[in-house]
Number of protein chains: 2
Amino acid sequence: MPVKLKQLAELLGLSQTTVSRALNGYPEVNAKTRQRVLKAVRETGYRPNRAAQRLATGKAYSIGLVMPIASGIVSDIHFGEFLAGLAEEAVKHDFHFVLNPSAPEDEEATFRRLAASGNVDAVFLAHMRANDPRIAILKSLSIPFVVHGRSIGGPKDYPFVDIDNTAAFYEATRLLVQLGHRRVALINGQEHLAFAIRRKKGVVRALKEWGLELDETLVHHSLMTDEFGYRSMQRFLTQPHPPTAVLCSSTVLALGAVRAINQAGLTVGTDISIIAHDDVLPMLKPENFSVPLTTTRSSLRAAGARIASRLIGGILDRGTYPEQELWHPELIVRASTGPAPGK
Amino acid sequence: MPVKLKQLAELLGLSQTTVSRALNGYPEVNAKTRQRVLKAVRETGYRPNRAAQRLATGKAYSIGLVMPIASGIVSDIHFGEFLAGLAEEAVKHDFHFVLNPSAPEDEEATFRRLAASGNVDAVFLAHMRANDPRIAILKSLSIPFVVHGRSIGGPKDYPFVDIDNTAAFYEATRLLVQLGHRRVALINGQEHLAFAIRRKKGVVRALKEWGLELDETLVHHSLMTDEFGYRSMQRFLTQPHPPTAVLCSSTVLALGAVRAINQAGLTVGTDISIIAHDDVLPMLKPENFSVPLTTTRSSLRAAGARIASRLIGGILDRGTYPEQELWHPELIVRASTGPAPGK
DNA sequence: AGGAGCATCCAAAGCGCTTTGGGAGGAGGC
DNA sequence: GCCTCCTCCCAAAGCGCTTTGGATGCTCCT
């Protein structure tokens, strides 16, 4: 039987009120008393009973997750990695999850149910699309939320954590152009997703600054799997004017792309340069590629942890976080980028 | 404000006790009264407050999940699919999850923390290995659990849901042998995992019945990704005596294998036969392969739902379930299997 | 000296359920 | 007719926390 507040209070010769206040950081308790309480907590291993806290405070101490079950999203490697970060942080604070598998068309209803159920204090939202309607829905439900990513268009005043996709791909492209590449290809995520739109924008912008244009035949949108990376690259290479450089929206795509390149008898980094976005998947390290991969790097797991931390912080009203965070991926140059052939 | 038990009782002119008992299926309440109560519940939309139930019953109404973060497991497509099934069922019963990301070497400690925390009523266990020590640990912690899969060796009396991997691959192999194949290859999951061991055993057994042996150079163990399927197949095909048929432990592996086959200028189903195990991933349907794939089929999502259902049923002590379930995958013949060339 | 004002603590009332320990009333046995 | 035994229901006591609404001294000011 774990020790409870009452016993702790008796042990200390204090009232439950005071002990509770000491633990929850209320000001009306003497500093010395608070120290005594904290010491006793350490010694007895006291942990407040979450069920009781839930009942007393009306908080659920859990966060809601709409888990997309559309083909190939759940299953997406990237989702698992993000979830790991989210969960890692949540478990530290003894928060629960309510996982709601849902097809994209049911998401709105799912959010409503979730909000109405009172089972969660906050929800998290991802896979943003352009003009994503879900933001307005969540606002109207007045349940706290944090978005992973950003919509394009629509309301701007909502909390998010995102990476600067435009800048990342702008910088990557700039590097390629500086190296003399003129025909660069893009193997991107699905067309309707905001991050993909932004990455493409970054590429276009960089090329434009050099008076170049992005050839639409050199742009593919797909799920981010090995297989699609391979196919896209293969099609690029059989074009009359194949690219001398390619940007991939994930190292997973790059894996397939590299295979296609090798298979065509070309060498990565000399015949063709490649830059991928690295989500820091433990499974797929860019430095372990046969030719180490130049990448724009930003940890997906860290983003998950950060979002959890913000959601939880908001619920416990501890600390204040910036509403909107835009992380800047680092461009890390390895051997997969080199001067354009013939330059 | 949602309606609460007290109001419901007043409305009905009953005591809270009686209403509560009516709802929880206790015998000491008149059938007519129970009907009245249920009707009122329907009309008012009453839903018991989980936090209060938790406190009053001491149950957590949530299930624990140790989420493996080893390279390429979380990220594994198959994990997401399983989780979707688990969550789908859990959400129906208003159960929460406690997701504990954990490296394999920390799993024992994680289970201990989880059990001690009192935050979960039951846990689920997967990725079984031979002589898996985790079963004994969970038993000693005396927390209810259900295993997905089975260990090999060690204690036998624990609850599980598994598929008959040996039989599935035995039958698949038998079909190939009947079709005249003599050299069959196996692209399997990681060597230490129980399901992989069993599948191999099924293959060996079937071959043996025809006086054949499994050539160890035709067996590869790896993570079940596209990439590894491709590589394995490629290596098989460049052998002096390439196989005429290949078994894959997942359609994901088959995807890569098929690519390698095509690339070698061979045709699936005529030059080389292929059978894969189909977990029914929505993303990857065997009938959509360029040559529809013969498979052994068993839905991973259904297994997840079933395990959730058993865990939850056990917690609410509703109904009794068989302790051990061994599902038999169906062998579904499509176009990827044909007679051995030259027969 | 007499309050005002602050710092520090406490008793007790919930939060919304489950469960214990009866109690009333009717049926059945002698 | 009386007692026992069910059947069906209830009042009230928790479950372990948070929070409201004071109390109790003390300091400080005028």
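Proteins get letters first, then strands, A, B, ... in listed order; numbering begins at 1 in each.
With B:Ser62 contributing its side chain and B:Ala60 its backbone, the two residues share a donor-acceptor pair below 3.5 Å.
Aromatic ring orientation, B:His127 versus B:Phe79: parallel (interplanar angle below 30°, classes split at 30° and 60°).
For the pair B:Val29 and A:Ala51, nearest-nucleotide mapping onto DNA chain D gives the more 5' position to B:Val29. Two residues, A:Ala31 and B:Lys4, neighbour DNA chain C, and the one matched to the more 5' nucleotide by heavy-atom proximity is A:Ala31. The nearest heavy atom of DNA chain C to B:Leu55 and to B:Tyr26 marks one nucleotide each, and the one closer to the 5' end goes with B:Leu55.
Using a cutoff of 4.0 Å between basic side-chain nitrogens and carboxylate oxygens, A:Glu107 and A:Arg134 are scored as salt-bridged. Contact check on B:Glu325 versus B:Arg310 returns a salt bridge, with a Lys/Arg side-chain nitrogen under 4.0 Å from an Asp/Glu carboxylate oxygen.
A 4.5 Å side-chain heavy-atom check between A:Trp327 and A:Asp162 finds every atom pair outside the cut-off.
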Can you list the steps and then say if B:Lys92 with B:Glu88 is a salt bridge (Lys or Arg N to Asp or Glu O under 4.0 Å)?
CA-CA 7 Å; B:Lys92 277 189 211 160; B:Glu88 215 165 67; over 6 Å; no
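We find that CD of A:Glu28 is positioned 16 Å from P of D:dG22, with the value rounded to whole Å. For the pair A:Leu14 CG and D:dA23 P, the interatomic distance rounds to 20 Å; values are reported in whole Å. A:Arg21 has its CZ atom 12 Å from the P atom of D:dG21, to the nearest Å.
Within the nucleic acid shown, A:Gln53 comes within 4.0 Å of sugar-phosphate atoms alone, with no base atom in reach, counting heavy atoms only. When heavy atoms are screened at a 4.0 angstrom cut-off, B:Thr57 is found touching the sugar-phosphate backbone but no base atom. Residue contacts for B:Arg50: at a heavy-atom cut-off of 4.0 Å it reaches no nucleic acid atom on any strand shown.
Taking every nucleotide of DNA chain C with any atom under 4.0 Å from a non-hydrogen atom of chain A, the first and last of them, 5' to 3', are C:dT8 to C:dG16.
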